[in-house]
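Fair warning: this is a prediction, and the values are worked out from it, not measured in the lab.
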Amino acid sequence: WIRTEGVTSGLGANLTIEIPGMGWEHTSGQWRTTDWTFVTVGIIAGPATSFEVQARLGHYSAISAGHAWFDDLRLEAVP
């Protein structure tokens with residue numbers, strides 16, 4: 001779940017899953033002021049044994065302004 005206040009520019013507030021050397025996926029960005037919004041993202045892990053999960057405002061070199069809150073982050077394996 002993501003809630004935002006006054007988010008401008010960059011890629012907004014989002015969740016990202018990255019498997020080093022294999023790629024990454026992210027949710028669509030949440031912009032402006034929003035109530036709690038459910039988001040989901042998935043990635044095929046293959047033989048990977050580690051990954052990185054990021055809850056963030058902005059994306060690498062993209063600069064964002066505003067506030068973002070994240071709640072109830074869960075990781076689930078899907079066979």
(Q) Considering only residues two or more places apart or on different chains, which pairs with a residue in residues 30-56 satisfy ring pair (Phe, Tyr, Trp, His ring centres under 6.0 Å)? (A)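 Of all non-adjacent pairs touching residues 30-56, those that pass ring pair (Phe, Tyr, Trp, His ring centres under 6.0 Å) are Trp1-Phe38.
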
Roughly how far apart are [X] [atom1] and [Y] [atom2], rounded to 0.5 Å?
X	Y	atom1	atom2	answer
Leu15	Ser28	CG	OG	10.0 Å
Ile17	His26	CD1	NE2	12.0 Å
Thr8	Leu57	OG1	CG	8.5 Å

Determine all donor-acceptor pairs shorter than 3.5 Å in which one atom belongs to a side chain in residues 65-78; sequence neighbours excluded.
from: Asp72; atom 1: OD2; to: Arg74; atom 2: NH2; distance (Å): 3.3

Please enumerate all residues that pass side chain to side chain donor-acceptor pair (under 3.5 Å) together with [X], with sequence neighbours excluded.
X	result
Thr16	Asn14, Arg56
Thr34	Thr4
Glu25	none

(Q) Given 3.5 Å as the limit, does a donor-acceptor pair link the side chain of Thr49 with the main chain of Pro47, or not? (A)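 Side chain of Thr49 to backbone of Pro47: no pair is present.
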
Q: Assess whether side chain to side chain contact (heavy atoms under 4.5 Å, CB included) is satisfied between Gln30 and Val39, documenting all intermediate values.
A: CA-CA 10 Å; Gln30 300 296 304; Val39 297; 3.9 Å; yes

Q. Taking a hydrophobic cluster as the set of Ile, Leu, Val, Met, Phe, Trp and Tyr residues connected by side-chain heavy atoms closer than 4.5 Å, whether directly or through intermediates, do Val53 and Trp24 fall within one such cluster?
A.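 No; tracing contacts between hydrophobic side chains, which count when under 4.5 Å, never links both residues.
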
Q | side-chain contact (heavy atoms from CB on, under 4.5 Å) against Ala48, all qualifying residues, sequence neighbours excluded | A |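 With neighbours one apart ignored, the set is Ile19, Met22.
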
Q. Taking all non-hydrogen atoms of both residues, which atom of Ser64 and which atom of Gly12 are closest, and how far apart?
A.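 Shortest heavy-atom separation between Ser64 and Gly12 comes out as OG-N, 3.6 Å.
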
